[in-house]
Every structure is written in structure tokens, then in C-alpha cells.
Amino acid sequence: MSKITLSGHIEVPSEDLDAVLAELPNHISLTHQEAGCITFTVTRDSDNPQRFSVYEEFTDRAAFEKHQARVKASHWGEVTKNVERFYTITEN
């Protein structure tokens with residue numbers, strides 16, 4: 001099986017920033033607990049407070065897809081519905 005890596009960033013609208021910041025620690029914690037999560041980081045840009053770098057690795061496509069499904073159905077999915085995502089996903 002091939003490891004899945006997602007890297008890139010998100011752009012958070014100013015009106016959603018407080019909700020995203022409030023929910024982010026929970027989102028990170030829940031993701032770290034997922035089966036197949038190797039690493040997961042979300043880092044706020046020091047020059048642009050509405051931009052967050054995202055890097056994640058999962059053991060295989062099935063684990064990655066479970067993560068994506070959980071995110072869409074979660075509170076994080078709701079508070080980030082207006083967020084623009086700029087990701088590259090690779091499988092190796």
C-alpha cells in the first residue's frame with residue numbers, strides 16, 4: 001500500500017477566523033487519534049493570519065479517505081465551509 005501525503009494551505013475568511021481558531025485544536029487532536037495518521041500539522045502563517053499551512057500523511061488511501069469523510073461530517077467541516085483550500089495530494 002502507498003502512503004498518502006497532503007500538503008498546501010488554506011485561506012480563512014476574516015469573518016470565520018475566530019471559529020476556525022477555536023475549533024482547530026480539537027480538529028488536530030481528533031486527527032492525531034485516527035487510525036493511519038502518521039503526521040498532521042496546521043500552522044498559522046506569521047505574515048498572513050488568515051493563511052494556514054497544512055501537512056498530513058496517512059498510511060494508505062483508505063485511512064486518508066476515512067479522515068476526509070470524518071472531516072466533512074464534523075464541526076470542523078462546518079466552521080471551515082467557506083475556507084479556500086489549496087492542496088497537493090501525492091501517493092508514494
Side-chain angles (χ1 to χ4, degrees):
M1 289 189 241
S2 300
K3 178 174 75 171
I4 301 292
T5 302
L6 179 148
S7 61
H9 72 278
I10 60 174
E11 298 278 344
V12 179
S14 58
E15 62 271 14
D16 296 334
L17 193 55
D18 287 344
V20 167
L21 288 170
E23 184 58 21
L24 182 57
N26 185 50
H27 175 56
I28 291 170
S29 177
L30 289 172
T31 301
H32 283 156
Q33 295 172 41
E34 291 178 19
C37 178
I38 299 169
T39 189
F40 183 82
T41 60
V42 180
T43 309
R44 193 174 190 184
D45 189 294
S46 59
D47 295 324
N48 179 352
Q50 291 174 248
R51 181 181 173 137
F52 295 77
S53 296
V54 180
Y55 183 82
E56 52 193 67
E57 292 179 2
F58 287 86
T59 54
D60 55 32
R61 180 158 294 281
F64 177 74
E65 288 176 358
K66 276 188 170 182
H67 166 70
Q68 293 298 311
R70 183 195 64 79
V71 167
K72 287 178 185 166
S74 71
H75 184 59
W76 176 256
E78 179 62 27
V79 299
T80 62
K81 67 183 176 195
N82 299 319
V83 165
E84 288 187 81
R85 292 163 169 83
F86 303 89
Y87 297 147
T88 300
I89 300 170
T90 57
E91 191 167 353
N92 34 334

#### Entry: Side-chain donor/acceptor of Thr31 to backbone N/O of His27, under 3.5 Å
yes

### Message
If hydrophobic clusters are built from ILVMFWY residues whose side chains come within less than 4.5 Å, do Val83 and Tyr55 share one?
### Response
no

### Query
CD of Glu78 to NE2 of His75: how many Å apart, nearest 0.5 Å?
8.0 Å

### Task
Using the test ring pair (Phe, Tyr, Trp, His ring centres under 6.0 Å), find all partners of His67 that sit at least two apart in sequence or belong to another chain.
Phe40, Phe58

#### Entry: Gap between atom CD of Glu84 and atom CZ of Arg51 - 0.5 Å precision
11.5 Å

## Note on the structure
Taking every heavy atom of Asp60 against every heavy atom of Ala63, the minimum-distance pair comes out as OD1-N, 2.8 Å

### Query
Is the backbone of Val71 close enough, under 3.5 Å, to the side chain of Ser74 for a donor and an acceptor to pair up by distance?
yes

### Contact summary for Val79 and Val20, nearest pair of heavy atoms
O-CG2, 3.7 Å

### Message
What's the separation between atom CG in Asn48 and atom CD in Glu11, rounded to the nearest 0.5 Å?
### Response
5.5 Å

### Task
Only pairs at least two apart or in different chains count here, so list each salt bridge (charged side-chain N to carboxylate O under 4.0 Å, His left out) that has a residue in residues 34-50.
Glu34-Arg70

### Query
Passes side-chain contact (heavy atoms from CB on, under 4.5 Å), Glu23 versus Thr80? Steps please.
CA-CA 10 Å; Glu23 184 58 21; Thr80 62; over 6 Å; no

### Query
Hey, does Ile4 have a side-chain heavy atom less than 4.5 Å from the side chain of Ile89?
yes

#### Entry: Full working for side-chain contact (heavy atoms from CB on, under 4.5 Å) between Leu24 and Val42
CA-CA 8 Å; Leu24 182 57; Val42 180; 3.9 Å; yes

### Task
Verify, without hydrogens or angle tests, whether Gln50 (side chain) and Val12 (backbone) share a donor-acceptor contact under 3.5 angstrom.
yes

### Task
Is it possible for you to say whether Phe64 and Ile28 belong to one hydrophobic cluster, with membership spreading through side-chain heavy-atom contacts below 4.5 Å?
yes

### Message
Working to the nearest 0.5 angstrom, can you tell me the gap between Thr5 OG1 and Glu91 CD?
### Response
9.5 Å

#### Entry: OG on Ser2 to CZ on Arg61, rounded to 0.5 Å
9.0 Å

### Query
Would you say Leu17 and Ile10 are hydrophobically clustered, going by side-chain heavy atoms of ILVMFWY under 4.5 Å?
yes

### Interatomic spacing from CD in Glu57 to OG1 in Thr90 - rounded to 0.5 Å
8.5 Å

